[in-house]
Structure formats: C-alpha cells, structure tokens
Amino acid sequence: MVKKLKGMRDILPNSIKMWQFVEEKARETFEKYGINEIRLPIIEKSELFLRGVGEETDIVQKEMYVFKDKSDRDVALRPELTAGVVRAYIENGMESMSSPLKLYYIGNAYRYENVQKGRDREFSQIGIEFFGSSSYETDVEVILAGINFFKNLNITDFTLKINSIGSTESRKNYIEKLKNYVEPNLNEYCKDCQTRFEKNALRLLDCKQEKCKKLNENAPKITDYLDTESREDFENLKKALTDLEIRYEIDTNLVRGLDYYNKTVFEFVSNKYNIALGGGGRYDKLVSSLGGKETPAVGFGIGELRLIELCISEQENQEFEEKLDLFIANIGENTKIEAIKLAEKLRSKGFKVETDLMNRSLKSQLKYADKKNARYSTTIGENELLSKKIQIKNMENGDIKQVDIDKIENEIC
Ligand code: HAM
C-alpha cells in the first residue's frame, strides 16, 4: 500500500473533536477583538518567502518545500502564513481599508523538519495579524488576544517571553557588538553558529546547544542597544502588561527565526516542554518590502498541533467524546423508512440522531447505540406506528417512558 509521507498527519474522527474545539475557541476569542478570518492559498511563489521570511533563515534554507510547477515556476508550500497574509493585503487593496485591519487564520503550513513530539512537517498555525498601527497598545492587544485564547482553552502552564530587537539601524549596531564578542571564540561554537556568524549573526543568540549557550552567557544584550523609539515602546509595553496583570519574562536572547521582525517580539513557551506554543512580534517593514505602502504590522502564530499534543490531550476532565441524542432502532421491514423519517424530523430541530443502516438485530442495534454514547434510545415497530406511542429509554439511568411519537423532542431536549 501507499503510505503517507513522513511528518504528514491524518486527523482521524477519534481526535477531531479536539481540533474542532481549539478552532472554535480561536474563532470565538478573536472575533471578540473584531478580528476577521482570512483564508489563503497553501502554495505561493517561492520568492514570497525568500523576500518575506528571509533568504538566510533556516526555514528558507533548510526547511521549505520548493518545486517547479508545470509552467516551470518556482513555487513553495507555505512554511508560515504571515508572508501570504501580507501578499493578500497588498494584492487585494486592503491597504485602503480602515486601520487597524485585523485578520486571523487557521491553516496548514509545511516545513521539512526533524519530526518529534509537537513538531511535524505538516502542521496547522492559528494566527492573527494587525495592520496599520505602530502603537505599543496594539502590541498589547495582540498579546492579550493570544493570552485569552490560551485562557479559553484552559491552558495556563506557559510563560509569555518578550524582547525588543529594535530598529534595523540599532540592530545593525548591536550585531557588530555581538560579532566582536563572539569572534575570538568562534571556533568553539557549533557549525551552525559559525555559519550564522557570517550570514545571520542575531540567530547566534537562539542556539539551543549547551556549549553555545554557555559561550553566549556574557554576550552584550540587545536591549542595551535599542534606538530611543524602540526603547520607549518596550518600556511602555512592559508597564502596560504589568498594569493588566499579565505576567511576563524578558528574554534578551529571544530573536525569533524569521527575518521580518523589528521592535517587540514575544513567545508563549510551554513550561513543561520548554518549547514555543506560539510566537510573533512586530514587522513594520514587511508590507513595504513586499511592494506595498509603508505599513506597520504586528501578529503571532500559534501551533495547533503543539496545543493539542502538549496541552489539550493532557487536560483532565476535558470532554471530547461524541454524544448522540437519540438512537432509533427498528423492528420489521416497514419501519426502516419510518425510523429515517423520524430521525430527519428530529435532526431538523437540532438533535443528533442515528438509525440502523446495517440491518442489524435489535440487540446489535442497541449495542451500537451504547457504543455511540446515545443519551436516549427508542425502538419503532409496527405497534408503535399504529398506536403513535413510543418508549424512550434514558441510556444513562435506564428509565423508560412512554410518549407520543410527535412529542419525543420534549423528552430528549
Ligand atoms: P514561528 O515561530 O515560526 O512563527 O511559528 C509559530 C508557531 O508555529 C510555533 O511557535 C509552533 O507552535 C508552530 N510550529 C512551527 N513549526 C512547527 C512544526 N514543524 N510543527 C508543529 N508546529 C510548528 C511564524 O510562523 C510567524 N509567522 C508567526 C507570526 C505571525 N509572526 C507575526 N505574525
């Protein structure tokens, strides 16, 4: 048989409830902030990500699924959604809409990574992007929307980590200082860091290898080199979060893996697994660098798989089991369609109802009803059709009641 590709995922009916639950909570949370949904293509021109995410990032260099289409165009499966949202924002004239323009998305992304718990090659991101406002209050609202999303999912075991990486100019100045610090010991850093030193030195701070972390212990801190505006915004952000009683940690090594950020960056990090559940920040230059007008923007992306694998599936008392309101069993050939008719009537009133489609014996039909967690069951036979009365069984406590067929809904609501 042909099997699926490594790192791709079949989401089967027995776990789909969790995914639907997370997605419903996302919609519910974000719509309260006046954020509207956007859906975009999974495949884009590769150039979008080279220019958007950054040519020297690991995502573009090592992880992107790129190929030629039938017309010899270089295309890529999106490794993240922000660049596509920005493309759509410019291409669809959303720049002229009133600001801030607030968008959210739920969609798959693809990265050729080492597969492990919480990390797949196909994964879904839930994210928001706000366009048109450069105020630190917007950063605050974006972070709040993330925090409230977690709250609505009953996820509390995470830390909000924040940092500011300043403007392009201040960062350039800082990178020089960082390189001066690293250079004398460059040979002791890992191979990846030696490459980063040449191509993307800021990412030296992000290395997960213990020896590199140790070497970086006394490195200059980016927050000591911020331009005035970034420093003020960062101070205001910290103050606002404190005012709002949002706990945070400053992590001056937090630089994120994508090149488009400036000023505020942040991550929601799982305490138990020490892995980012989500992350984001400000990207004030991305719209203009992809051909739009100068437009400040900020947003985040959260990994749905990480929420589910690392948090939701471990929650106690969380009910994801499917429940059927009523199972209608039937006895006798003539009652099958009557059972379907009754089921249709109740479905149109909002109940979840199933009937037998397998020609099973009555005993097996009721066994099936039990398996499907039916709250009630009933059996239609010739007698019931004639008398227009039916017995309803409460499957939880076994109580049986005789009711008019036309009034079943009063019994099962
Ligand atoms: P990112 O940090 O690369 O940011 O990804 C966001 C989240 O997606 C991660 O924190 C993680 O939960 C999830 N994720 C990433 N890679 C994988 C993977 N291989 N398997 C499972 N989950 C994964 C971005 O993508 C930015 N676009 C976020 C953003 C939006 N910044 C501003 N706006």
Side-chain angles (χ1 to χ4, degrees), residues 6-9 11 19 22 26 30 35 38 40 44 48-49 52-54 57-60 62-65 77-89 101-131 138-139 141-143 145-146 149-150 153 155 158-163 165 203 206 254-270 273-287 295-312:
K6 184 172 175 193
M8 305 292 139
R9 180 167 291 262
I11 303 174
W19 294 79
V22 169
F30 300 151
I35 312 174
I38 187 164
L40 299 169
E44 299 267 5
L48 176 68
F49 304 111
V53 174
T57 57
D58 282 355
I59 295 178
V60 166
K62 302 185 189 162
E63 297 165 4
M64 207 154 67
Y65 281 86
L77 296 184
R78 61 187 180 194
E80 59 104 55
L81 278 78
T82 309
V85 175
V86 171
R87 185 216 27 84
Y89 174 78
L101 187 81
K102 307 179 201 174
L103 303 169
Y104 79 83
Y105 49 78
I106 301 172
N108 278 357
Y110 298 82
R111 294 182 193 174
Y112 198 83
E113 290 198 78
N114 287 329
V115 175
Q116 50 190 276
K117 190 162 175 159
R119 177 166 291 134
D120 255 350
R121 292 181 177 167
E122 176 182 59
F123 57 97
S124 157
Q125 282 191 341
I126 297 179
I128 68 175
E129 314 291 352
F130 284 22
F131 293 95
T138 311
D139 301 6
E141 275 236 43
V142 165
I143 291 174
F149 175 43
F150 286 114
L153 293 169
I155 295 174
F158 69 90
T159 302
L160 166 65
K161 296 196 172 177
I162 60 168
N163 191 20
I165 58 168
R203 297 274 300 154
D206 207 21
L254 178 66
V255 290
R256 310 274 301 127
L258 306 96
D259 277 356
Y260 46 61
Y261 294 110
N262 65 299
K263 290 187 173 172
T264 308
V265 288
F266 58 89
E267 273 181 359
F268 305 105
V269 180
S270 156
Y273 295 98
N274 194 25
I275 189 173
L277 299 173
R282 201 158 257 297
Y283 52 95
D284 295 334
K285 303 286 176 213
L286 186 58
V287 177
T295 311
V298 55
F300 65 67
I302 290 176
E304 194 174 0
L305 172 71
R306 291 199 184 161
L307 295 184
I308 287 172
E309 262 190 12
L310 311 182
C311 309
I312 310 276

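Nothing here was measured: the structure is a model prediction, and the numbers come from that model. Only heavy atoms go into these numbers, but all of them, side chains included; no hydrogens, no water, no symmetry mates. Remember, it's 1-based here, ligands and their atoms both numbered in the order they're listed.
- At a 3.5 angstrom cut-off on N or O pairs, Y283 does not count as close to ligand 1.
- If you number the atoms of ligand 1 from 1 as listed, the ones under 4.0 Å from a heavy atom of G278 come out as 10 (O).
- Not a single heavy atom of P79 sits under 4.0 Å from any atom of ligand 1.
- In this structure, the protein non-hydrogen atom closest to atom 22 (N) of ligand 1 is F123 CD1, 3.5 Å.
- Every side chain to side chain donor-acceptor pair (under 3.5 Å) that Y273 has, sequence neighbours left out, goes to E314.
- Nearest non-hydrogen protein atom to atom 26 (C) of ligand 1 is Y260 OH, 3.3 Å.
- With a 4.0 Å heavy-atom cut-off, ligand 1 is reached by no atom of F130.
- Side chains of D259 and T57: a donor-acceptor N/O pair is absent below 3.5 angstrom, by distance only.
- Residue contacts with ligand 1 do not include Y112, since none of its heavy atoms lies under 4.0 Å from the ligand.
- Here E267 has no heavy atoms under 4.0 Å from ligand 1, in either its backbone or its side chain.
- Looking at atom 31 (N) of ligand 1, its nearest protein heavy atom turns out to be Y261 OH, 2.6 Å.
- Across every non-hydrogen atom of L40 and R78, the tightest pair is O-NH1, 3.1 Å.
- Counting the atoms of ligand 1 from 1 in the order shown, those under 4.0 Å from a heavy atom of D120 are 18 (C), 19 (N), 20 (N), 21 (C).
- When all heavy atoms of I312 and I155 are compared, the pair lying nearest together is CD1-CD1, 4.0 Å.
- Remark: ligand 1 and I128 share no N or O pair separated by less than 3.5 Å (distance only, no angle test).
- Distances below 4.0 Å separate heavy atoms of R119 from the following atoms of ligand 1: 19 (N), 20 (N), 21 (C).
- For ligand 1, the polar-atom distance check against A276 finds a nitrogen or oxygen pair separated by under 3.5 Å.
- The single protein non-hydrogen atom nearest to atom 7 (C) of ligand 1 is G301 O, 3.6 Å, given as residue, atom name and distance.
- The shortest N/O to N/O separation between T82 and ligand 1 falls below 3.5 Å.
- Among all protein heavy atoms, the one lying closest to atom 32 (C) of ligand 1 is G299 O, 3.2 Å.
- Nearest non-hydrogen protein atom to atom 1 (P) of ligand 1 is R256 NH2, 3.6 Å.
- Protein heavy atom at the shortest distance from atom 5 (O) of ligand 1 is Q125 NE2, 3.1 Å.
- Closest to atom 9 (C) of ligand 1, if we only count protein heavy atoms, is R306 NH1, 4.1 Å.
- When all heavy atoms of L81 and G107 are compared, the closest pair comes out as CD1-O, 4.0 Å.
- Taking every heavy atom of both residues into account, F149 and V22 meet most closely at CE1-O, 3.6 Å.
- Proximity of the aromatic rings of Y110 and Y112 is defined here by a centroid distance below 6.0 angstrom, and this criterion is not met.
- Taking only nitrogen or oxygen atoms, main chain and side chain alike, L81 does not reach within less than 3.5 Å of ligand 1.
- Using 4.0 Å as the threshold, E304 has no heavy atom nearer than that to any atom of ligand 1.
- The aromatic rings of F158 and F150 are tilted relative to each other, their planes meeting at an angle between 30° and 60°.
- Checked by atom type, the side-chain pair T82/Y283 shows no donor-acceptor distance below 3.5 Å.
- Applying the ring pair (Phe, Tyr, Trp, His ring centres under 6.0 Å) criterion to Y104, with sequence neighbours excluded, gives F30.
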